[in-house]
Amino acid sequence: MANEVILLDFWPSMFGMRTRIALREKGVEFEYREEDLRNKSPLLLQMNPVHKKIPVLIHNGKSVNESIIQVQYIDEVWSHKNPLLPSDPYLKAQARFWADFIDKKMYDAQRKVWATKGEEQEAGKKEFIEILKTLETELGDKPYFAGDDFGYVDIALIGYYTWFPAYEKYGNFSIESECPKLIAWAKKCLERETVAKSLPDPEKVIGFVSELRKRFGLE
Amino acid sequence: MAKKEEEVKLLGFWGSPFSRRVEMALKLKGVPYEYLEQDIVDKSPLLLQLNPVYKKVPVLVHNGKVLAESHLILEYIDQTWKNNPILPQDPYEKAMAFFWAKFVDEQVGPGFFSVVKAEKGIEVAIEEAREHIMFLEKEITGKDFFGGETIGFLDMVAGSMIPFCVARGWEGIGVDMIPEEIFPELNRWIKNLLEIEIVVECIPDREKHIEHVMKIVERIKSA
């Protein structure tokens with residue numbers, strides 16, 4: 001049976017970016033469908049009735065939801081090339097731990113950086129930089145989080161990088177001066193075609209964030 | 001007799017569903033382990049050293065390798081001790097198990113506190129909580145366990161969290177959240193769980209647990 005893969009996504013979503021990268025790493029042909037999050041398609045609502053969120057991965061008619069679960073699923077289904085997770089149980093658990101850390105901490109912290117102001121924003125900036133520094137420490141001197149090979153944790157984090165210029169603009173700070181190693185890592189990831197093709201232009205992201213800020217009455 | 005080189009320690013807390021589910025997995029696999037009860041308020045130097053990121057239980061130490069976060073620990077246990085598998089082999093089924101486990105821990109579990117706060121009134125709170133739980137009712141329909149004919153990963157996650165943790169909270173605040181007439185399948189599943197010795201061994205004492213959860217409820221209400 002031919003593989004039919006559809007990805008319901010939204011272009012600035014750092015979560016959708018993960019799934020795009022994973023599919024490309026495995027050389028999987030997929031149909032990308034842009035969702036209007038203010039007018040969600042019947043397919044989205046049908047395929048993710050629990051959360052009604054993107055990304056939704058539909059593989060031969062069955063949906064897999066939650067980007068980090070999708071990446072592991074893709075790794076296991078298309079296991080013939082570019083393993084994204086280590087096979088050693090302990091190393092795998094470590095990769096899962098850091099991706100989970102990113103999921104638990106990054107979203108709320110980054111949101112405070114661009115969607116709030118005053119004291120709340122300052123607290124958000126501080127928290128955000130602390131999280132990045134923790135990740136930078138974990139990266140250490142390795143090229144990628146798991147070592148020599150691009151993989152799961154890199155995929156979990158890299159999407160946020162396209163939002164960095166927006167954070168810097170609206171948070172009025174420099175991420176590179178705080179976390180130079182992490183920026184170097186990100187630039188290295190972007191040299192991969194699978195990543196470059198899956199990430200939007202950060203200028204477009206700034207435009208998107210600006211629109212959201214207007215909607216929230218911040219501009 | 002355990003192999004000389006296998007050393008397994010579990011830092012846990014009697015009232016934590018996250019820690020109890022790890023015990024279920026270790027017991028199911030017949031893995032001998034040393035249990036170290038933790039004070040989760042006055043945290044031990046060992047706990048802080050082994051889990052500096054979250055400072056929480058459970059923490060599993062296997063031959064010096066340190067693991068935190070219960071879902072990951074369960075996956076690790078399943079891959080390391082291959083008897084009595086708890087995760088499905090099929091990638092889709094496995095993805096579903098992870099999805100529902102996340103749902104239990106992120107929506108159903110913390111949903112208890114929404115019911116406590118009942119910002120839109122208790123009836124709305126109960127209705128919203130039941131909407132979430134109804135997804136699980138559908139998932140278990142027609143199956144003895146979420147894992148199929150035997151208990152698996154999702155049974156351990158949902159079992160430790162719902163009937164043997166949050167339900168104590170519901171009882172404490174006087175809410176009959178999952179009556180049999182609305183949730184016949186989940187109630188049937190709970191009865192199935194109670195027939196499994198290793199599950200029963202990992203259920204916190206009911207009275208003590210209700211008291212413990214009600215202390216948390218008081219703290220939330222007075223905040």
Side-chain angles (χ1 to χ4, degrees), chain A residues 3 5 19 22 26 47-53 55-79 84-105 107-108 130-131 133-135 137-138 152-153, chain B residues 8 18 22 29 50-54 56 58-82 87-108 110-111 131-139 153-154:
Chain A
N3 268 314
V5 181
T19 315
K26 300 290 187 169
M47 289 292 168
N48 191 357
V50 177
H51 301 297
K52 306 177 176 54
K53 286 182 175 177
V56 176
L57 179 72
I58 309 172
H59 180 207
N60 293 336
K62 293 197 287 193
S63 64
V64 178
N65 297 313
E66 301 292 312
S67 60
I68 211 64
I69 295 176
Q70 289 162 355
V71 174
Q72 187 168 357
Y73 173 79
I74 290 165
D75 195 40
E76 290 175 6
V77 171
W78 291 279
S79 51
L84 304 176
L85 274 162
S87 50
D88 171 74
Y90 182 59
L91 294 176
K92 182 190 281 194
Q94 287 190 301
R96 299 259 274 120
F97 178 87
W98 288 107
D100 180 68
F101 172 82
I102 291 162
D103 268 357
K104 279 181 163 72
K105 302 277 190 179
Y107 188 77
D108 289 342
E130 265 170 41
I131 293 164
K133 285 194 167 167
T134 304
L135 290 166
T137 306
E138 181 53 30
Y152 189 77
V153 182
Chain B
V8 181
F18 309 101
V22 174
K29 306 252 183 187
L50 293 179
N51 191 359
V53 176
Y54 298 116
K56 285 182 177 180
V59 178
L60 188 79
V61 188
H62 176 218
N63 295 340
K65 292 181 279 196
V66 182
L67 297 117
E69 293 301 293
S70 66
H71 295 191
L72 315 186
I73 296 174
L74 290 176
E75 195 184 6
Y76 175 83
I77 290 171
D78 202 40
Q79 295 182 308
T80 305
W81 292 278
K82 303 221 194 252
L87 274 166
Q89 283 301 315
D90 173 67
Y92 177 74
E93 297 301 328
K94 190 192 288 191
M96 288 297 102
F98 286 144
F99 175 83
W100 288 117
K102 201 165 187 242
F103 178 74
V104 166
D105 280 355
E106 288 179 10
Q107 250 80 50
V108 181
E131 265 173 39
H132 283 147
I133 301 166
M134 196 49 80
F135 283 113
L136 296 168
E137 174 77 5
K138 291 200 182 102
E139 267 311 293
F153 174 84
L154 185 54

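Chain A is the first sequence line, chain B the second, and so forth, proteins listed ahead of strands; every chain is numbered from 1. Values reported hereafter were calculated over all heavy atoms of this structure, with side chains retained and with hydrogens, waters and symmetry mates removed.
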Colleague: So that I know where these two stand, are A:Phe97 and B:Tyr54 an aromatic pair - ring centroids less than 6.0 Å apart?
Modeller: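 Centroid separation for A:Phe97 and B:Tyr54: below 6.0 Å.
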Colleague: Are the aromatic ring centres of B:Phe99 and A:His51 under 6.0 angstrom apart?
Modeller: yes
Colleague: Side chain, backbone, both or neither: which part of A:Thr134 has a heavy atom under 4.5 Å from chain B?
Modeller: neither
Colleague: Which atoms of B:Phe135 are under 4.5 Å from chain A, going by heavy atoms: the side chain, the backbone, both sets, or neither?
Modeller: side chain
Colleague: Taking the six-membered ring of B:Tyr92, is NZ or CZ of A:Lys62 closer than 6.0 Å to its centre and within 45° of its axis?
Modeller: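 Yes; both conditions hold, so A:Lys62 lies above the ring face of B:Tyr92.
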Colleague: For the residue pair A:Val50 and B:Trp100, establish whether any side-chain heavy-atom pair is separated by less than 4.5 Å.
Modeller: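 They are in contact (side-chain heavy atoms under 4.5 Å apart), so the answer is yes.
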Colleague: Look up atom NE2 in B:His71 and atom CG in A:Asp100, then write down how far apart they are to the nearest 0.5 Å.
Modeller: 8.5 Å
Colleague: Does atom NZ (A:Lys92) have a neighbourhood of more than 12 heavy atoms from anything else shown, all under 6.0 Å?
Modeller: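 Check passes, neighbour count above 12.
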Colleague: For B:Lys65, is it the side chain, the backbone, both, or neither that has a heavy atom closer than 4.5 Å to a heavy atom of chain A?
Modeller: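 Both the backbone and the side chain of B:Lys65 come within 4.5 Å of chain A.
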Colleague: Between atom OH of A:Tyr73 and atom CG of B:Asp90, what is the distance when rounded to the nearest 0.5 Å?
Modeller: 7.5 Å
Colleague: Between A:Gln72 and B:Glu75, do the side chains contain a donor N or O and an acceptor N or O under 3.5 Å apart?
Modeller: yes
Colleague: Quick check for you: to the nearest 0.5 Å, what is the distance between A:Asp103 atom CG and B:Lys102 atom NZ?
Modeller: 5.5 Å
Colleague: Sort B:Gln107 into side chain, backbone, both or neither according to what part of it lies under 4.5 angstrom from a heavy atom of chain A.
Modeller: side chain
Colleague: To the closest 0.5 Å, what do you measure between CG (A:Asp88) and CD (B:Gln79)?
Modeller: 9.0 Å
Colleague: Any idea which of A:Lys104, A:Lys105, A:Arg96 has the most non-hydrogen atom pairs under 4.5 angstrom with chain B?
Modeller: A:Arg96
Colleague: With rounding to the nearest 0.5 Å, note down the distance linking CG in B:Leu72 to CD in A:Gln94.
Modeller: 10.5 Å
Colleague: Any chance you could measure B:Glu69, atom CD, to A:Phe101, atom CZ, to the nearest 0.5 Å?
Modeller: 10.5 Å
Colleague: Kindly indicate whether the side chain of B:Val53, heavy atoms from C-beta on, has any atom under 4.5 Å from the side chain of A:Trp98.
Modeller: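 Yes - at least one pair of side-chain heavy atoms lies under 4.5 Å apart.
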Colleague: Using a 6.0 Å cut-off, check whether atom NZ of A:Lys53 has over 12 heavy atoms from anything other than its own residue.
Modeller: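 No.
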